[in-house]
Structure formats: structure tokens, C-alpha cells
Asks: 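Pasting a structure here, questions to come.
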Amino acid sequence: MAKTKTQFVCSNCGFVSQRYMGRCANCGAWGTFVEEVMQPEKVDRKSRVNLAGQVAKVERLDEVNIEETPRIKTENDEFNRVLGGGIVPGSMVLIGGDPGIGKSTLLLQISGQLANAGSKILYVAGEESASQIKLRAERLGVRGDSDFLLFPETDMKQIRQAIDESKPDFVVIDSIQTMQEPDVSSSVGSVSQIRETTAELLQIAKTNNITIFIVGHVTKEGAIAGPKILEHMVDTVLYFEGDNQRSFRLLRAVKNRFGSTNELGVFDMQHGGLMEVANPSDLFLEERLADASGSAVVVAMEGTRPILVEVQALVTPTVFGNAQRTAAGIDRNRVSLLMAVLEKRANLLLQNQDAYVRAAGGVKLDEPAIDLAVAVAIASSYKDEPTRATDAFIGEIGLTGEIRRVPNVVERVNEAKKLGFKRVFVPQHVTEQLTAVQGIQIVGAKTLAEALKIALD
């Protein structure tokens, strides 16, 4: 009997080694190598053949015919926004997130909406039975008709046969880690299984113009489990963010071949499912105290949408040798940099002060335009002087203390005006762009010291 040959594959990036390695030489991750049986090379690889029997061929770029296919819009505007305006037919979308965050709930609701619009849906469940999905559908108010098909199966051969027979417009795979290719001898959820099943689903989607949604598990670090090639193969990668202490969820695109990756969708998890939040600024500001020190409102951009978020800071004298810098929702290094600028350019003695900074509501802010709001919140807490409840702050801060311009300033100011803010602080160099904006006072500041003098007066 021939000896079984094995190899070691990194579960993070897919790097293959003939011996076990504690640290991956490709991605640098520790303890990610798993042993797998080497599969013989197949010589009967299938070419891309669609349902009409057409085989892919070599064509000149200027001779390729482009068919204008409109995006398919669902009833959920937040979902459409994150995808870049709607679902692209024939695309492959991967949705990842923590357990219980709402991935299956969202896809079941979207599937029900598409079925009601006349599309045929094939929902492949690898983790639940048909009766369990039916119970959840009744709770969510999802109606089942002849166009909504359930298929509790994990065998890819059976799934492909079901797709060929039912000819659906949309396929939901929940989840990819439970699917298995019978020809691959590795265990379910291994790197080889995920790679082969995703490759087969990709061929089905591209050759038959079927949109496929894939649910992916995540690791304890928050990344999608399985090889990194999984994210490279699909067209769109969406991440669900949130926690069990709050009811709202954030859907963010980290890869999108058909739209922007900066869009953000906000949902509220209720008993009847995920409800879209049309105005997330109200959600992030509804519990703000009017006269509290250490609070400032920033107008951040998430894709094409301006969102007002409260930045909170608490500055207290340190009881240890080294002052602590703690941040939630904001980069800790950015907070340390801004505190150094405040000490050097605004004469605030912060070297013996502990600082705790967070973005209220659990949202993550990572653009330079939040610098001014963070600095004002820290200075407000240090001096114990509140800012005005109707002030908003926009601007990037340089190392010399200057306030630098940021993009989309007109859209940001209009959003603050719409929500009832009376005054907005902006860089001095962009005030000329805001001459046509009426109904809100524009305060142009050249330096951080100048902005703090006016804001905390």
C-alpha cells in the first residue's frame, strides 16, 4: 500500500510547507499550521460552461460586448448602500461576523424580500434544519412561497445538482465552513475544503449569472476563518460589527469590486429582526448630556454619508509613575499624538494626566477629520469646562498645531445644520467653500490654540 503523503497548510494565508512550522514564513502568524492529506492533481478540470452550453473563449478587449445589467435593489436601503447601490447579478458576496451578530437573520430577511419581488431563492443551510429556519422565518415575518426554496445540505455535489435543477436567481450558503467537497479527503472546515468549495461556488456564480451570498465564521481575532484566499476569490466582503450590550449593528464593506469600501450600514436588532436606521446621527447623540465637560461632536464621513458622533474624554491625575492612554473606537496612537500637540502648542500640562477617550455608541472613527473634536474633548475635560451643546468640530491637526483641511466639508456642515447645530468649527482655509451655507455659524480656525480659546470661552 502506498504511503499517504501529508503537508502542512497555514489556516490564515494558505501557505504550504512540507514540515510543521511554529510561525508561518508567509504571514507571520503563530500556531496556524494544520496537517492535511495531499490530494492528487486532477487532470479533468472543467472549463467554464454556462447553462446555455457556451464555453469561455479568448477575445480582444475592444470586441467584448458589454451588457448593461441594472443592480437589483432590495427593500433594505442600508444593505443597498453598503453594496454600492444594490446587488450586482452574478456576484459573490461574503458576510462575516461574530456568532449571534445577525448574519443569518439579515440574509433570511433579504431572501424574503427578493422572493417577494419575484426572484427565486435557494437557501442552503449547513448548520440548521428546515424546521428551525421556518421557525425563525415566522418570527421575522418572512413569507414562504414557491420561489423560496430551503435545502439543508452540506454536500457540494448535491448542492450543485439542486442549483442545476431549480435554476435560482440567488443562492445563500450558510455557512461556507460547513460545506464539503466529497473528492477532498480533508475534514470539514479545513483549508482545502474551504478553498475547493469556494472555487466551485465561484464557477457556478460566474458562468450562470447567479448571485451567491456566503456566510463565513470568524476567528477570535475577528478575521474570517479559513485561508485568506477566500476573501480574494469573492467580489465583496462585508463585516458585521456590534456587541451584545447594544442593540444596533454596523455592516461595513472591506472589499467591493462594484462600489466603495467606505460605506456603512446601521441596523437595529429587534425582536422582529434587523431594522434599518435611516438617521444614525440621532442614534449616536440621543443620550448626550448638554453641559458635560469632556464632550465634543465630530462630523465624520462613512463613505458618502456624514455621521455626527460624540467624542468623550476623561482626563484625571495619574496615580502611577507613567500616565495611561486608553482609547475605544479611536486609534490609541492618534490620541497620544494629539495630547503631545496639546501640551506643546496649547500649553496644557498633560504628561502627568491619565486620559480615557472613546467614541460614544461603539462606532469606530479612523479618519483625520476627528482630530479637532478629540483635542477639544481632552482640553474640555482637563479644564473642566463644557463645550456648547450646539457646537460641532471638523478638522485635522498637524504636529505644529495648525488645523488642516479635510474633504467633503460642505456635506459635513450641511448635516450638522440639518440636525440643529448652531456653530461648526472648520479649518480657516475651507471657509471660502462655505459662503453659500446659511443658517449655521462657521468658525474658521487656523491653529489649535485659537480653536480652543473660542470653543471653551
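This chain uses plain numbering: 1 for the first residue, then up along the sequence. Excluded from the calculations below are hydrogen atoms, water molecules and symmetry mates; all remaining heavy atoms, backbone and side chain alike, are included.
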Asks: Any donor-acceptor pair under 3.5 Å linking the side chain of E310 with the backbone of S295?
Replies: no
Asks: Before accepting this row, confirm whether a basic side-chain N of the pair E302/R81 lies closer than 4.0 Å to the acidic partner's carboxylate O.
Replies: no
Asks: Go through the structure and list residues passing side chain to side chain donor-acceptor pair (under 3.5 Å) with R358, not counting sequence neighbours.
Replies: Q312
Asks: Could you tell me the separation between the CG atom of L114 and the CD1 atom of I121, rounded to the nearest 0.5 Å?
Replies: 4.5 Å
Asks: Does any part of the side chain of L107, heavy atoms only, come nearer than 4.5 Å to the side chain of D174, both counted from C-beta?
Replies: no
Asks: As a test of understanding, state which of L264, V82, L274, L83 forms a side-chain contact (heavy atoms from CB on, under 4.5 Å) with L251.
Replies: V82
Asks: Checking D391 now: which residues fulfil side chain to side chain donor-acceptor pair (under 3.5 Å) with it, not counting sequence neighbours?
Replies: R423
Asks: Of all the heavy-atom pairs spanning I394 and L372, show the shortest one and how long it is.
Replies: O-CD2, 3.7 Å
Asks: So which heavy atom on P89 is nearest to which on I72, and how close?
Replies: CG-CD1, 4.1 Å
Asks: Enter the distance from I210:CD1 to M92:CE here, rounded to the nearest 0.5 Å.
Replies: 11.5 Å
Asks: Within the structure provided, determine whether I403 and V426 are in side-chain contact (heavy-atom separation under 4.5 Å).
Replies: no
Asks: Indicate yes or no: at least one non-hydrogen side-chain atom of V266 is less than 4.5 angstrom from one of L250.
Replies: yes
Asks: Around R404, counting heavy atoms of other residues, nucleotides and ligands shown, do more than 12 lie under 6.0 Å from its CZ?
Replies: no
Asks: Using side-chain heavy atoms (C-beta onward) and a distance below 4.5 Å, is E402 in contact with R345?
Replies: no
Asks: Using 4.0 Å as the upper bound for N to carboxylate O, is an ion pair formed by D98 and R249?
Replies: no
Asks: Got a donor-acceptor contact below 3.5 angstrom from the D354 side chain to the T316 backbone?
Replies: no
Asks: May I have the step-by-step check of side chain to side chain contact (heavy atoms under 4.5 Å, CB included) for Y382 and L342, ending in yes or no?
Replies: CA-CA 11 Å; Y382 176 74; L342 281 168; over 6 Å; no
Asks: May I ask you to check whether over 12 heavy atoms, not counting those of R388, lie within 6.0 Å of atom CZ?
Replies: no
Asks: Does the side chain to side chain contact (heavy atoms under 4.5 Å, CB included) test come out yes or no for V124 and M179, once each step is laid out?
Replies: CA-CA 10 Å; V124 181; M179 300 296 125; 4.2 Å; yes
Asks: Going by heavy atoms in the side chains, are L108 and F148 under 4.5 Å from each other?
Replies: yes
Asks: Under a 3.5 Å distance rule, please check whether E263 uses its side chain to pair with a backbone N or O of A253 as donor and acceptor.
Replies: no
Asks: Say whether, by atom type as modelled, one donor and one acceptor occur between the side chain of R23 and the main chain of W30 under 3.5 angstrom.
Replies: no
Asks: Angle class for the F213/F79 ring planes (parallel below 30°, perpendicular above 60°, tilted otherwise)?
Replies: tilted
Asks: Between R139 (side chain) and H271 (backbone), is there a donor-acceptor pair under 3.5 Å?
Replies: yes
Asks: Tell me if the CG atom of L399 is crowded by more than 12 foreign heavy atoms within 6.0 Å.
Replies: no
Asks: Under the salt bridge (Lys or Arg N to Asp or Glu O under 4.0 Å) rule, collect the residues that match up with R60, sequence neighbours excluded.
Replies: D62, E63
Asks: Side chains of V311 and F393, heavy atoms from C-beta outward: is any pair under 4.5 Å?
Replies: no
Asks: Keeping Q177 on the side-chain end and H217 on the backbone end, is there a donor-acceptor pair under 3.5 Å?
Replies: yes
Asks: Quick check on E432: does its CD atom have over 12 non-hydrogen neighbours (other residues, nucleotides or ligands) under 6.0 Å away?
Replies: no
Asks: Decide side chain to side chain contact (heavy atoms under 4.5 Å, CB included) for I214 and V93; before the verdict, give the C-alpha distance in whole Å, the side-chain angles of both, and the deciding distance to 0.1 Å.
Replies: CA-CA 6 Å; I214 298 176; V93 181; over 6 Å; no
Asks: For the CD atom on E59, are there more than 12 heavy atoms of other groups (residues, nucleotides or ligands in this structure) within a distance under 6.0 Å?
Replies: yes
Asks: Please round to the nearest 0.5 Å and tell me the distance separating atom CG of N408 and atom CD of Q433.
Replies: 10.0 Å
Asks: Answer yes when E450 and K453 have at least one side-chain N-carboxylate O distance shorter than 4.0 Å, and no when they do not.
Replies: no
Asks: Search all heavy atoms of A360 against all heavy atoms of V309 and return the closest pair with its distance.
Replies: O-CG1, 3.8 Å
Asks: If I compare all heavy atoms of P306 with all of V299, which pair ends up nearest, and what's the gap?
Replies: CB-CG1, 4.1 Å
Asks: Hey, is CG on N352 packed in by over 12 heavy atoms from elsewhere, all under 6.0 Å?
Replies: yes
Asks: Look at the side chain of T197 and the backbone N and O of I194, then say whether any donor-acceptor pair between them is shorter than 3.5 Å.
Replies: yes
Asks: Test side chain to side chain contact (heavy atoms under 4.5 Å, CB included) on L106 and F240; report intermediate values, then the result.
Replies: CA-CA 10 Å; L106 176 64; F240 244 135; 3.6 Å; yes
Asks: Please report the interatomic distance CG(L452) to CG(D457), rounded to the nearest 0.5 Å.
Replies: 11.5 Å
Asks: Show your working on salt bridge (Lys or Arg N to Asp or Glu O under 4.0 Å) between R412 and E415 and close with a plain yes or no.
Replies: CA-CA 5 Å; R412 298 174 196 258; E415 182 69 12; over 6 Å; no
Asks: Any side-chain to backbone donor/acceptor pair from E276 onto E78? Under 3.5 Å, distance only.
Replies: yes
Asks: Is it true that the side chains of D384 and S293 contain a donor and an acceptor less than 3.5 Å apart?
Replies: yes
Asks: Main chain of E385, side chain of S380: is a donor-acceptor contact present, judged purely on distance under 3.5 Å?
Replies: yes
Asks: Any chance you could measure T211, atom OG1, to D169, atom CG, to the nearest 0.5 Å?
Replies: 8.0 Å
Asks: So D147 and S119, do their side chains get closer than 4.5 Å, heavy atoms only?
Replies: no
Asks: Taking E231 first and then K255, would you say they form a salt bridge - that is, a charged N and a carboxylate O separated by under 4.0 Å?
Replies: no
Asks: Salt bridge between E127 and K103, side-chain N to carboxylate O under 4.0 Å?
Replies: no
Asks: Heavy atoms only: give me the nearest C10-T32 pair and the separation to one decimal.
Replies: SG-OG1, 3.1 Å
Asks: Counting N and O atoms only, with roles assigned by atom type, does the side chain of R71 sit under 3.5 Å from a partner on the main chain of N80, one being a donor and the other an acceptor?
Replies: no
Asks: Report yes if the side chains of I370 and I330 come closer than 4.5 Å at any heavy-atom pair, otherwise no.
Replies: yes
Asks: Between the side chains of N256 and T261, is a donor N or O closer than 3.5 angstrom to an acceptor N or O?
Replies: no
Asks: Looking at CG of D331 and CG of N333, how far apart are the two atoms once the value is rounded to the nearest 0.5 Å?
Replies: 5.0 Å
Asks: Of the non-hydrogen atoms in A323 and Q351, which two are nearest, and what is the gap between them?
Replies: CB-O, 3.5 Å
